[in-house]
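FYI, side chains are in, hydrogens and waters are out, and symmetry mates aren't considered; it's all heavy atoms of this structure.
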Amino acid sequence: MWIPPGQNQTWVSEFILLGFSSDPMTNRILFSAFLLLYLSSVLGNGLIITLVCLDMHLHTPMYFFLCILSLLDMSCVTTTVPQMLVHLLSRSQTISFAGCWLQMYIFGAVGLTECILFVVMAFDRYVAICYPLRYTVILSWGLCTQLSAGTWACGFFFSLIHTFFTMRLPYCGPNSVNHYFCEGPSVRNLACMDTYVIEMVDLVISVFMVVAPLSLIVASYIRIAQAILKFKSMQARCKAFSTCASHLTVITFFYAPATYLYMRPNASYSPEQDKQVSLFYNVFTALLNPVVYSLRNEDMKRAFLKVMGR
């Protein structure tokens, strides 16, 4: 649908999200699969938040940041998946221009916040392993609160810049987005003008929010590995590496697809492949978080048994 703002111009008032398939039978199968993944993600991350809040032994900086990560993962899948589920069963696959703007902004804000949070979590592991005796002094609750507020502020600020530049582009038609949600590059490709400037803006944001955080994480784990190798006890080494393994696993599955999607030339854009990769780091990473942290973490297991015992 287009709204005429003037005599010689039309303006898009809504977008059509093409999703994964137009076949009703395939959509029903996808609906069941994505509904199961969504509920599992929400319940799993919700369980982590509940355990951290209820068990006093988990009131430490590490679990405080893990709780925030779970909240971000829940927000990420809730921003995109419920609407996708509705579109899988509905004949109409439209989303209003304002709705698309809001979805793009919240998804970007949550994703960028998570990028910075992984740096904070790496810093937490660095202090815990390299300065164990000063851990609670360095990572005081005041600093943890400031770091948390800073990650949210940066994520929402840079997402606002990205969304503002993307959605102020002229969209004169067509209005069919080859994606299952309003993802920045997919919507931007529909603009009826050159998008070089916004591509450069997104590249700068990606450098600040993807490359820089990833570099800090790598630097932190190099220092952590050096400190662990100095441990005389093999048991202490294994325990230290184990505490970092969960974090590294989640980081790898988050940053690998995100880097592929947002750090490559626009000329290599592939809608069908991008939808699959986007689904992986949006839905599957949110599901991976509670699985990794619950199955590999003895504290979480004890907290779960303690809460269930009540």
Side-chain angles (χ1 to χ4, degrees), residues 37 40-41 44-45 48-49 52 58 60-77 107-130 135 139 144 147-148 150-152 154-155 158-159 205-229 237-264 276-297 299-300:
L37 289 172
S40 299
S41 299
N45 286 287
I48 289 179
I49 296 174
V52 173
L58 300 182
T60 64
M62 173 183 172
Y63 292 107
F64 172 70
F65 296 131
L66 176 59
C67 187
I68 296 176
L69 178 62
S70 295
L71 180 61
L72 289 171
D73 283 336
M74 288 177 62
S75 302
C76 189
V77 295
F107 180 82
V110 171
L112 293 175
T113 301
E114 197 162 331
C115 285
I116 307 176
L117 181 65
F118 282 129
V119 180
V120 176
M121 296 177 74
F123 175 68
D124 168 74
R125 292 299 84 208
Y126 167 73
V127 175
I129 292 175
C130 297
Y135 178 68
L139 277 174
C144 290
L147 290 173
S148 173
T151 59
W152 285 92
C154 288
F158 281 103
S159 180
I205 292 176
S206 297
V207 170
F208 274 105
M209 304 299 288
V210 178
V211 177
L214 190 56
S215 300
L216 292 173
I217 292 172
V218 171
S220 297
Y221 274 99
I222 290 175
R223 295 293 301 274
I224 289 172
Q226 292 173 343
I228 292 176
L229 293 175
R237 289 183 185 181
C238 293
K239 184 177 180 180
F241 275 121
S242 178
T243 60
C244 301
S246 299
H247 185 222
L248 284 173
T249 301
V250 175
I251 285 176
T252 301
F253 281 96
F254 177 85
Y255 270 103
T259 302
Y260 168 78
L261 287 174
Y262 300 110
M263 291 299 297
R264 61 183 180 157
Q276 299 171 8
V277 176
S278 176
L279 184 69
F280 184 85
Y281 91 91
N282 177 15
V283 179
F284 289 99
T285 301
L287 179 62
L288 180 69
N289 174 29
V291 171
V292 170
Y293 280 105
S294 60
L295 294 180
R296 294 182 58 88
N297 193 297
D299 292 336
M300 295 296 294

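- For the pair Thr249 (side chain) and Ala245 (backbone), a donor-acceptor distance under 3.5 Å is present.
- Ser159 places no side-chain N or O within 3.5 Å of a backbone atom of Gly155 that could act as its donor or acceptor partner.
- Rounding to the nearest 0.5 Å places SG of Cys244 at 13.0 Å from OH of Tyr126.
- In this structure, Ile48 and Pro290 approach most closely via the heavy-atom pair CD1-CA, 3.4 Å.
- Ser41 approaches Val283 most closely through the heavy-atom pair OG-O, 3.8 Å.
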Report task. Give the intermediate values and the outcome of side-chain contact (heavy atoms from CB on, under 4.5 Å) for residues Leu66 and Asn289. Result -> CA-CA 9 Å; Leu66 176 59; Asn289 174 29; 3.8 Å; yes
For this session: Could you check Asn282 against Cys76 for side-chain contact (heavy atoms from CB on, under 4.5 Å), going step by step and ending with a plain yes or no?
Result: CA-CA 7 Å; Asn282 177 15; Cys76 189; 3.2 Å; yes
**Message:** Would Leu147 and Leu139 count as a side-chain contact (heavy atoms from CB on, under 4.5 Å) here? Give the steps.
**Reply:** CA-CA 10 Å; Leu147 290 173; Leu139 277 174; 4.3 Å; yes
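- With rounding to the nearest 0.5 angstrom, the CZ atom of Phe158 is 8.5 Å from the CG atom of Leu112.
- Within the model, atoms CD1 of Ile116 and CG of Leu72 stand 10.5 Å from one another, a figure rounded to the nearest 0.5 Å.
- Atom CE of Met121 is separated from atom CG of Leu248 by 10.5 Å, given to the nearest 0.5 angstrom.
- Under the 4.5 Å side-chain criterion, counting only non-hydrogen atoms from C-beta, Ile49 is in contact with Leu71.
- Note that CD1 of Ile228 is 4.0 Å distant from CD1 of Ile129, once rounded to the nearest 0.5 Å.
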task: Go through the steps to decide whether Phe280 and Phe253 satisfy the test ring-ring contact (aromatic ring centres under 6.0 Å, His included), and finish with yes or no.
output: CA-CA 8 Å; Phe280 184 85; Phe253 281 96; 5.8 Å; yes
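- Here the closest heavy-atom approach between residue Val110 and residue Ser75 is recorded as CG2-CB, 4.0 Å.
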Contacts table for residues 212-226: side-chain donor-acceptor under 3.5 angstrom, sequence neighbours left out:
from	atom 1	to	atom 2	distance (Å)
Ser215	OG	Val211	O	2.8
Ser220	OG	Leu216	O	2.9
Tyr221	OH	His247	ND1	2.5

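- Pairs engaging residues 114-124 under the side-chain hydrogen bond (donor to acceptor under 3.5 Å, both in side chains) rule: Asp124-Tyr135 [sequence neighbours left out].
- One N or O on the side chain of Tyr255 and one on the backbone of Cys115 form a donor-acceptor pair closer than 3.5 Å.
- Not counting sequence neighbours, the partners of Phe254 by the ring pair (Phe, Tyr, Trp, His ring centres under 6.0 Å) test are Phe118.
- Here the CG-CG distance, from Leu37 to Leu287, works out to 6.0 Å after rounding to the nearest 0.5 Å.
- Between Met62 and Arg125 the shortest side-chain heavy-atom distance falls below 4.5 Å.
- For Phe65 against Leu117, the heavy-atom pair with the smallest separation is O-CD2, 3.8 Å.
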